[in-house]
Amino acid sequence: ISDSYCFGDKDENCEKYGRLYKLDAMKDTSSLNLKQNVCPVGWHLPSRWEWDRLIDAVGGTLLAGKRLKKLMGWFGDSAKADDGVGFSVLPAGIRFSDGGYSRDGLYSLFWTSDEYGVFFNYYSPRIKMMVELSKLGASVRCIKDLAIGTLVDHRDGQTYKTVKIGSQNWMAENLGFKSPNSFCYN
């Protein structure tokens, strides 16, 4: 994918950290949709809302950084990481628009589909949401389109139960999304 890079332009850093992507690399050129694009089929780039749900699930912004960061690999391998849920964030650093790189071992920044940056740093167990980062290269985590157990319809924020039957995932509740051609029984 064009507009994606290995930290310091070294292939071994892609093996270690994954790639850093410019925001333009996130866009599906057929629809300019930030949700699908670089992620595999059946997965998408999470929204800020989806990141917020993850952060809430592991203790909120004050503790989520600690719970989500890989134990080893951060500057000083500090007590600010415990990888308590196996998410294993590594300090991949960032890429600037001029081609320079900074902060591997210290920081990690992830894209959201709505153009926020989810920022982790070595010296704090906190996570910050950042804006106006469109010229930077940042890491990507993808989220499965349909999580077993629940489904959130991002069009209206409704949450539905899901069930796996055989190899298929089904909604276990009827869809409630209001569209121009839908109606409620009176």
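Numbers here simply count residues along the sequence, with the first being 1.
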Nearest 0.5 Å, please: how far is [atom2] in [Y] from [atom1] in [X]?
| X | Y | atom1 | atom2 | answer |
| --- | --- | --- | --- | --- |
| Asp83 | Leu90 | CG | CG | 9.0 Å |
| Lys16 | Lys10 | NZ | NZ | 10.5 Å |
| Glu12 | Cys6 | CD | SG | 8.5 Å |
| Arg95 | Ser4 | CZ | OG | 9.5 Å |

Within-4.5 Å side-chain heavy-atom neighbours: [X] and [Y]:
| X | Y | answer |
| --- | --- | --- |
| Trp49 | Thr112 | no |
| Val85 | Leu68 | yes |
| Lys22 | Tyr5 | yes |
| Leu54 | Phe87 | yes |
| Asp82 | Arg67 | yes |
| Leu136 | Phe96 | yes |
| Cys142 | Leu45 | no |

| Is Val152 linked to Val58 within one hydrophobic cluster, defined over Ile, Leu, Val, Met, Phe, Trp and Tyr using a side-chain heavy-atom separation of less than 4.5 Å? | no
| In terms of hydrophobic clustering (I, L, V, M, F, W, Y; side-chain heavy atoms under 4.5 Å; direct or indirect links), are Leu63 and Phe119 co-clustered? | no
Would a distance-only check, ignoring hydrogens and angles, find a side-chain to backbone donor-acceptor pair under 3.5 Å from [X] to [Y]?
| X | Y | answer |
| --- | --- | --- |
| Ser47 | Asp114 | no |
| Lys135 | Leu23 | no |
| Arg48 | Met129 | no |

| field | Audit row: Phe110, Trp51, ring pair (Phe, Tyr, Trp, His ring centres under 6.0 Å) steps and yes/no | value | CA-CA 10 Å; Phe110 291 90; Trp51 271 99; 5.5 Å; yes
Smallest separation among heavy atoms of [X] and [Y], with atom names:
| X | Y | answer |
| --- | --- | --- |
| Ser108 | Trp74 | CB-CH2, 4.0 Å |
| Ser139 | Leu20 | OG-CD2, 3.6 Å |
| Ala138 | Trp111 | CB-NE1, 3.5 Å |
| Tyr17 | Pro91 | CE2-O, 3.4 Å |
| Gly117 | Leu133 | CA-CD1, 3.7 Å |
| Phe7 | Ile94 | CE1-O, 3.9 Å |

| query | Just wondering, are more than 12 heavy atoms of other shown residues or ligands nearer than 6.0 Å to CZ in Arg53? | reply |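 Yes, CZ of Arg53 has more than 12 neighbouring heavy atoms, counting only those of other groups under 6.0 Å.
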| request: Please indicate whether Glu15 has more than 12 foreign heavy atoms, meaning atoms of other residues, nucleotides or ligands, lying under 6.0 Å from its CD. | output: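 No.
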| Tyr123 and Tyr107 aromatic ring geometry - parallel, tilted or perpendicular at 30°/60° bounds | perpendicular
